[in-house]
Amino acid sequence: MHQRKMVTTKAAGVVLSAALFATAFAACGTTGSTSVDKHIVIGTSLAVSGGDASAQLPAQYGVNLAVSQNQNLGNGYTLSVLNENYEGQTGADPNIGQANITQLQNNPEVMAVVGPFNSGVAKLEIPVVNKGAGPALISPTNTNPGLTLSQYAQEAGVNFAQLHPSGKADYYFRIPANDFEQGKADATIALTPATGKPAAKTAFVVDDNTTYGKPLADFFTQFFTQGGGQTVGQRTSITSDTLSELPTLASAIKASGADVVFFGGVTAQGGCKLKKALVQAGYMNPMIGGDGIATDPGCISDAGSAAVGIIGTVAAPDPSTLTGGSIDTLKQQFATFTAGKPDASFTPYAAQSYDAAMVAIKAIESVISSGKTVNRANVRDAIAAINYQGVTGNISFDQNGDNAGTKLFSVYAVTPQAPTTWTYETEIKF
Amino acid sequence: MLVLAASAVSGVSPTVLTQQLVDGITLGAVYALIALGYTLVYGIIELINFAHGDVFVWGSVVTAVLLGRLGYNGFSSALSGFPLVGTMILLVAVAMIFCAVLNFVIERFAYRPLRRAPRLAPLIAAIGVSFILETLIAVTFGPSFVEYPTLFPTGGIHLGAITVRYLSIFTILLGVVLMVLLDRLVRTTKIGRAMRATAQDPEAAALMSVDINRTISFTFIVGGALAGAGSVVWALSTSGFTFRSGYELGLLAFTAAVLGGIGNIYGAAIGGIIIGIIQSYTVLFMGAQWADVLVFVVLVLIFIFKPSGLLGQQVPDKV
């Protein structure tokens with residue numbers, strides 16, 4: 001019996017090796033033919049399942065819609081999309097993101113990638129594209145200032161030299177303004193009186209211990225104190241593993257007497273659960289946050305009846321402020337494209353992801369029409385030189401890969417009039 | 001007195017310190033209810049049941065589903081009076097029965113066949129069961145928060161400037177009642193005597209016609225029921241949980257059991273309360289990120305100065 005089992009295993013091994021051999025040869029065949037291959041791929045690198053789906057699936061739909069509208073790039077070139085997902089067991093996983101971008105890099109048809117959504121993931125993805133000469137990485141949402149600006153790198157937990165090796169072309173671009181500016185916008189909201197919210201003099205600051213949340217909370221603190229405000233209580237970090245401590249944290253916040261709570265972090269780490277705990281403890285003042293919670297329906301369901309009084313910023317224009325025929329058409333197309341799909345709301349970042357994909361598409365088209373070889377270096381140069389009028393505004397990039405246009409933040413709030421949705425309030429421009 | 005002294009040292013008002021103390025005791029009561037399950041099982045078969053924290057969270061899962069069926073969600077307004085009392089009795093009963101049955105089934109099929117195997121085998125089985133229970137939640141409800149309605153009205157009883165929340169009162173009462181009942185059960189009933197006998201010497205107990213299998217099963221049922229009761233008040237306080245919550249809670253409650261002296265039921269109760277208070281004060285003075293660190297620092301100190309835990313030596317009280 002034992003002997004026979006051994007033989008079977010061996011036989012299986014031989015068959016398996018043969019199959020692997022054949023696959024390897026087939027793979028060689030495709031690689032060899034890339035020079036005449038006129039099929040181009042745009043990748044996405046986002047976290048589109050679990051707790052991140054409600055925020056990031058709309059972004060993926062935005063990219064997929066842009067690609068579906070531009071399947072023919074002219075001169076016989078065709079375009080398709082390849083979606084990768086870096087959601088891990090406990091949320092967005094930078095290591096999975098790194099594996100995803102490496103996989104996309106190994107696919108010679110991939111000329112550009114839209115993503116990543118999370119700055120913490122960008123820290124591991126940018127070195128891959130910059131060391132391996134592409135593909136161009138265009139983030140519709142990364143707001144960590146240290147990703148492109150060396151003066152903020154240390155504070156934002158970024159090893160700048162590793163992200164941008166000297167003497168190599170930079171393949172990373174991003175559309176939104178950064179968290180330094182977002183912290184300023186959030187501090188402005190806290191310090192400015194509005195309906196139902198007097199000007200805050202004191203703030204209790206909480207972060208989620210991520211490379212996104214911590215610096216955002218730092219920048220908020222910096223601008224809040226510069227503007228005459230004062231932080232009170234013990235600065236604290238919460239995660240999805242510290243749920244049990246939320247009631248006692250809520251008591252501490254209530255005891256501090258802070259006029260507002262600032263949460264620098266993402267929904268998946270429990271910021272909006274904190275709002276629920278605060279109301280349970282009898283603390284009714286507003287909670288301000290950044291784009292990690294704003295416009296995310298998951299945040300409202302986490303906070304439930306306590307969601308009223310959450311205010312947040314997003315580094316993109318609200319779709320309602322965009323006028324003109326193109327945005328109305330796009331809203332229509334988005335609705336049709338996502339009909340019957342989950343998490344299909346046309347969020348600001350969905351529009352911005354659509355624009356990110358369009359930047360890549362326009363750049364590829366310009367390389368094709370100029371008669372140059374369609375390769376990653378030429379596509380990267382075309383992106384760096386682009387001047388594109390997108391639905392979210394004019395997009396061009398400065399020498400750091402940042403959007404050279406106006407720094408714009410939309411302000412959203414959950415109001416007593418509409419306690420189950422995000423209501424667009426106003427926009428802040430710098 | 002201690003609070004006043006601490007206030008003088010830290011410069012934080014006694015009101016705030018007392019408020020955190022009340023919150024800490026509330027959290028500690030939950031840890032105590034979980035820790036009892038660890039300590040009961042360890043006392044009787046010397047197994048660290050690593051799946052216990054996940055059994056606890058399954059109590060929250062079942063009552064969350066039940067509440068969903070009853071039409072409650074995160075936006076439901078708070079209950080009061082008779083509906084609140086009725087709902088609480090229903091939830092606690094359902095969670096206690098479910099967790100008791102779950103714990104019974106786990107013992108029957110995962111641990112009993114390994115009773116004569118080397119010590120490591122049931123331990124690995126316990127870790128395996130823990131993964132199964134966690135993964136079932138992740139697959140069914142996804143990795144993000146499972147929402148749990150809060151039900152209890154905000155506010156509470158005012159004692160001077162301190163607010164003791166209604167949910168805190170209920171949590172502490174529930175903990176005290178269940179621990180007194182457990183104490184009566186172990187000390188005065190026939191099955192309690194059988195549990196104590198089995199804990200001391202299973203073979204001698206068997207010779208005295210104690211049904212060992214039945215006694216061990218009963219111990220798991222009691223441990224599960226206590227966890228079930230705790231799971232309801234805990235989920236009400238956090239308004240939700242993730243599939244990983246059981247891991248975190250299990251680790252803290254296990255620490256509570258060790259802190260108090262593993263195998264000793266009074267030790268588990270005291271250990272739970274102490275850990276709750278440590279966490280509450282850590283949040284106030286150092287931030288929530290240090291809460292777990294401080295708990296384990298205290299544990300290490302206890303190990304250095306009293307390796308058997310706070311009440312570890314009281315062998316006669318051992319279950």
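Keep in mind that what you see is a predicted model, and the values were worked out from it rather than measured. Because only heavy atoms are used, hydrogens play no part in the values below, and waters and symmetry mates are left out as well, while side chains stay in.
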Problem - Within-4.5 Å side-chain heavy-atom neighbours: A:Leu243 and B:Glu248 - result: no
Problem - Structural part of A:Ile300 lying under 4.5 Å from a heavy atom of chain B - result: both
Exercise for the section: Measure B:Tyr247 against the heavy atoms of chain A and call it side chain, backbone, both or neither at under 4.5 Å. Expected result: neither
Problem - Part of B:Asp292 lying under 4.5 Å from any heavy atom of chain A - result: side chain
Exercise for the section: Please confirm whether the backbone N or O of B:Thr150 pairs with a side-chain atom of A:Lys276, one donor and one acceptor, at under 3.5 Å? Expected result: no
Handout entry: Segment of B:Leu249 engaging chain A (4.5 angstrom heavy-atom cut-off)
Key = side chain
Problem - Main-chain N/O of B:Ser239 paired with A:Lys273 side-chain donor or acceptor, under 3.5 Å - result: yes
Handout entry: Option in A:Ser251, A:Gly233, A:Gly270 with maximal non-hydrogen atom pairs under 4.5 Å from chain B
Key = A:Ser251
Practice task
Select, from A:Asp302, A:Ile238, A:Leu246, A:Leu249, the one with the greatest count of heavy-atom pairs under 4.5 Å involving chain B.
Solution key: A:Asp302
Practice task
Over all heavy atoms of both residues, which pair between B:Phe145 and A:Ser240 is shortest? Give the atoms and the distance, please.
Solution key: CZ-CB, 4.1 Å
Handout entry: Any A:Thr236 side-chain heavy atom under 4.5 Å of B:Gln289 side chain
Key = yes
Completion exercise
Turns out that what part of B:Ser245 lies under 4.5 Å from chain A's heavy atoms comes down to side chain
Handout entry: Over all atoms of both residues, closest heavy-atom pair of A:Ala281 and B:Arg165
Key = CB-NH2, 3.4 Å
Practice task
For a side chain to side chain contact (heavy atoms under 4.5 Å, CB included) with A:Thr248, tell me which candidate from B:Leu21, B:Thr282, B:Val283, B:Val22 qualifies.
Solution key: B:Val283
Practice task
Examine whether an atom of A:Ala307 lies under 4.5 Å from a heavy atom of chain B, and if so say whether it belongs to the side chain, the backbone or both; otherwise answer neither.
Solution key: neither
Completion exercise
Closest heavy-atom pair, A:Ser305 versus B:Ser76, reported as atoms and distance to 0.1 Å, is OG-O, 4.4 Å
Exercise for the section: Might you work through the side-chain contact (heavy atoms from CB on, under 4.5 Å) test for A:Ser244 and B:Tyr31, ending with a clear yes or no? Expected result: CA-CA 10 Å; A:Ser244 303; B:Tyr31 290 145; 3.8 Å; yes
Practice task
Return the option, out of A:Ala53, A:Ala277, A:Ser301, with the maximum number of heavy-atom pairs under 4.5 Å with chain B.
Solution key: A:Ser301
Problem - Residue B:Phe285 excluded, over 12 heavy atoms near CZ under 6.0 Å - result: yes
Handout entry: Separation of B:Leu284 CG from A:Ile253 CD1 (nearest 0.5 Å)
Key = 11.0 Å
Handout entry: Heavy-atom contact with chain A under 4.5 Å, split by part of B:Thr163
Key = side chain
Problem - Portion of B:Leu27 that has a non-hydrogen atom of chain A nearer than 4.5 angstrom - result: side chain
Exercise for the section: Pick one of side chain, backbone, both or neither for A:Ser54, based on which atoms fall under 4.5 Å of a heavy atom in chain B. Expected result: neither
Problem - Atom of A:Glu245, atom of B:Ala288 and distance for their closest heavy-atom approach - result: OE1-O, 3.4 Å
